[in-house]
Amino acid sequence: MTLRRTAVALSAAALLIAPLAACGSSDSGADSDTIKVGIKYDQPGMGLKEGSKYTGMDVDVANYIAKELGKTPEFTEAVSSQRETFLKTGKVDYIVGTYSITDARKKDIDFAGPYFVAGQDLLVKTDSPIDGPDAMSGKKMCSVKGSTSATKFKEKYPAVQIQEYDTYSKCVEAIISGSVDALTTDNTILAGYAAQPQYKGKLKVVGKPFSEEKYGVGIKKGDKEMCTKVTAALEKMISSGEWKKIIDANLGPAGFTPDAAVNPPKPEACA
C-alpha cells in the first residue's frame with residue numbers, strides 16, 4: 001500500500017515538472033541555447049523566407065552573431081514599423097534587417113555597428129524614362145510605412161505623391177501593375193528585387209544613390225552587455241574576411257558592388 005502511494009505521488013510530480021521543463025527549453029535568455037532574432041522575410045538578397053528556408057546578407061550576419069554568442073537563432077519577422085516595439089517588449093533580442101542607424105531611433109533603442117553602408121536609390125520599369133528623384137514630379141512613388149527611406153524622401157521631395165505599403169514586395173508588384181512609377185529604398189534591397197527570376201529584365205535600379213544608410217544591429221535600449229558582444233562579433237566578421245564572403249554570396253548575383261569608399265565600415269564603440 002505504501003509503495004503504491006509513493007508511485008502515485010512521483011507520477012503527479014512528474015506531470016507538474018514536465019510542462020515547466022518544456023517551457024524553459026524554448027525561452028531565450030542567458031541560460032538558453034537559443035536567441036530571438038528579428039529579420040525581414042521579403043527582401044531577396046538581404047532577408048528572405050521561402051518555406052522553412054532563410055537566405056540573404058542580413059540572415060548570414062544574424063547567424064554569424066548568434067554563433068559568436070554561442071546561440072541558435074530563432075527568427076521572427078520584424079517589418080519596419082514593428083522593430084522598435086519588438087526590441088522594447090523583448091519579443092526579439094536583436095534585429096538585423098536593413099536597419100539604418102539614425103539619431104531619432106537612438107532615442108528608443110541602441111545599435112551595434114554599422115556593419116554595412118548602403119545608399120537610397122530608385123527601382124523602376126526597365127523602359128521607364130525616370131533617371132533620378134528629380135524626374136519624379138507628377139509621378140507616384142512607393143515606399144514602406146515607418147522606413148527611413150519614406151521619411152527622407154518626403155522631407156526632400158514634398159511635392160511627390162508617396163504610396164506607402166507594409167512591405168517592399170507590395171511596392172514591386174505595384175510597379176509591375178503600373179499603379180506606381182517607382183520604389184525608393186536602399187540600393188541593396190532594390191538590387192535583390194531586380195535580380196529575382198520573375199522580374200529579371202522587367203526592372204532596373206536607376207543607379208544614382210542620394211543618401212548614406214549605415215546598417216546597424218538593433219538592440220534594446222541600455223543593454224550594453226549585448227551591444228558589446230555584438231560589436232565584437234561584427235569586428236571579427238569583418239577582419240576575418242567573412243564579411244566579404246557574405247556580401248559576395250548574397251549581392252554578387254545581382255551585380256551589386258558595395259561603395260568601397262565607405263565599406264567595409266568600422267563598428268562604433270558602445271556608449
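This one's a predicted model, so the numbers in the text were calculated from it and none came from an experiment.
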Please determine whether a side-chain nitrogen of the Lys or Arg among [X] and [Y] lies less than 4.0 Å from a carboxylate oxygen of the Asp or Glu.
X: K49; Y: E77; value: no
X: D108; Y: K221; value: no
X: E213; Y: K152; value: yes

Exam field: side chain [X] to backbone [Y], donor-acceptor pair closer than 3.5 Å:
X: S211; Y: Q120; result: yes
X: K91; Y: T85; result: no
X: D259; Y: A261; result: yes
X: N187; Y: G119; result: yes
X: K36; Y: G90; result: yes
X: W243; Y: Y115; result: yes
X: T126; Y: L203; result: yes

Can you find a side-chain donor-acceptor pair between [X] and [Y] that sits under 3.5 Å?
X: K40; Y: S80; value: yes
X: Y215; Y: D58; value: no
X: T102; Y: S100; value: no

Side-chain touch [X]/[Y], heavy atoms, less than 4.5 angstrom:
X: L122; Y: F210; result: yes
X: Y199; Y: P44; result: no
X: Y41; Y: V79; result: no
X: D131; Y: K208; result: yes
X: F75; Y: N63; result: yes
X: K220; Y: M226; result: no
X: Y193; Y: Q196; result: yes
X: S128; Y: D181; result: no

Return the minimal non-hydrogen interatomic distance between [X] and [Y], and the atom names on each side.
X: P264; Y: I238; answer: CB-CG2, 3.9 Å
X: K266; Y: P114; answer: O-CD, 4.1 Å
X: V206; Y: I130; answer: CG2-O, 3.8 Å
X: S143; Y: L183; answer: CA-CD1, 4.2 Å
X: L123; Y: A194; answer: CD1-CB, 4.1 Å
X: I219; Y: A112; answer: CD1-CB, 3.9 Å

Practice problem: Decide yes or no on side chain to side chain contact (heavy atoms under 4.5 Å, CB included) for V160 and K139, but give the supporting numbers first. | Solution: CA-CA 7 Å; V160 177; K139 307 288 186 184; 5.7 Å; no
Rounded to the nearest 0.5 Å, what separation is found between the [atom1] atom of [X] and the [atom2] atom of [Y]?
X: M141; Y: I175; atom1: CE; atom2: CD1; result: 8.5 Å
X: T98; Y: I189; atom1: OG1; atom2: CD1; result: 4.0 Å
X: N263; Y: T257; atom1: CG; atom2: OG1; result: 11.0 Å
X: K145; Y: Q163; atom1: NZ; atom2: CD; result: 8.5 Å
X: D121; Y: L190; atom1: CG; atom2: CG; result: 6.5 Å
X: Y168; Y: M46; atom1: OH; atom2: CE; result: 10.5 Å

ILVMFWY network linking [X] to [Y], side-chain heavy atoms under 4.5 angstrom:
X: L69; Y: Y54; answer: yes
X: V205; Y: V144; answer: yes
X: V230; Y: Y64; answer: yes
X: V217; Y: I247; answer: yes
X: L87; Y: I65; answer: no

Quiz item: So does E242 have more than 12 non-hydrogen atoms from other groups sitting under 6.0 Å from CD?
Solution: yes
Self-check item: K125 atom NZ, neighbour heavy-atom count above 12 within 6.0 Å
Solution: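 Check passes, neighbour count above 12.
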Exercise. Check the pair D110 / Y94 against side-chain hydrogen bond (donor to acceptor under 3.5 Å, both in side chains), numbers first and verdict last.
Key: CA-CA 10 Å; D110 288 337; Y94 62 84; over 6 Å; no
Self-check item: cation_pi(R83, Y99) dist<6.0 Å, angle<=45
Solution: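 Yes - R83 lies over the ring of Y99, closer than 6.0 Å to its centre and within 45° of its axis.
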